[in-house]
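Please read these numbers as outputs of a predicted model, since none were measured by experiment. Residue indices begin at 1 and follow the sequence shown.
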Amino acid sequence: MILPGLVSVAFYRRRPTAGQIALGLAFTAALSGALGYWQDAGRSFVWDNVVLAIVGGVVLYVAILAYLVYVYLPKRARAAGAGAPPSSPPAS
């Protein structure tokens with residue numbers, strides 16, 4: 001569930017949809033929260049760890065997604081723009 005938005009950028013070289021990003025963020029938050037809870041279940045500071053794990057997971061997901069978009073998509077836009085014909089004919 002975490003991979004759809006990242007896979008579409010890394011392998012298919014297309015911008016992920018809002019649904020893919022939302023599903024990736026939701027799964028990341030749920031998994032990170034569960035891991036933070038299981039790590040210290042029964043202790044008094046368990047909810048601090050849950051919040052910290054969720055924030056860390058979401059920040060990591062957004063950072064990876066931003067990096068992939070920055071690295072892969074501008075190259076495609078520049079390559080497509082360089083070979084495009086001019087929009088108006090040259091004046092004679």
Side-chain angles (χ1 to χ4, degrees):
M1 287 298 292
I2 191 174
L3 296 177
L6 302 178
V7 168
S8 68
V9 174
F11 295 107
Y12 300 117
R13 306 289 199 265
R14 62 181 171 89
R15 194 167 297 275
T17 64
Q20 289 174 327
I21 294 172
L23 283 174
L25 284 173
F27 183 75
T28 300
L31 182 64
S32 298
L35 291 174
Y37 181 79
W38 289 326
Q39 177 184 357
D40 289 323
R43 296 195 177 144
S44 61
F45 53 87
V46 68
W47 296 113
D48 296 337
N49 285 343
V50 170
V51 171
L52 186 63
I54 290 172
V55 169
V58 168
V59 166
L60 186 62
Y61 180 83
V62 170
I64 292 170
L65 184 63
Y67 174 76
L68 289 174
V69 167
Y70 176 75
V71 167
Y72 289 121
L73 296 183
K75 290 180 184 178
R76 182 176 176 193
R78 280 186 294 220
S87 60
S88 60
S92 344

Hey, does Thr28 have a side-chain heavy atom less than 4.5 Å from the side chain of Leu60? no
Hey, any chance Val62 and Tyr70 share a hydrophobic cluster, counting ILVMFWY side chains that come within less than 4.5 Å of each other, even indirectly? yes
Nearest heavy-atom approach of Ala53 to Gly36 is CB-CA, 4.1 Å
Rounded to the nearest 0.5 Å, the CG atom of Asp48 sits from the CZ atom of Arg43 at a distance of 13.0 Å
Hits for ring-ring contact (aromatic ring centres under 6.0 Å, His included) against Tyr37, two or more places apart or cross-chain, chain-then-number order -> Trp47
Report the distance from atom CG of Asn49 to atom OG of Ser32, rounding to the nearest 0.5 Å. 12.5 Å
Picking from Ile64, Leu65, Val58, Val59, what satisfies side chain to side chain contact (heavy atoms under 4.5 Å, CB included) with Tyr61? Leu65
For residues Tyr67 and Val69: do they belong to one hydrophobic cluster (side chain heavy atoms under 4.5 Å, members Ile, Leu, Val, Met, Phe, Trp, Tyr)? yes
Is there a path of hydrophobic side-chain contacts, each under 4.5 Å between heavy atoms of I, L, V, M, F, W or Y residues, that connects Val46 with Val51? no
Starting at CD1 of Ile54, measure out to CG of Leu35 and round the result to the nearest 0.5 Å. 10.5 Å
Has Gln20 got a side-chain atom pairing as donor or acceptor with Thr17's backbone, closer than 3.5 angstrom? yes
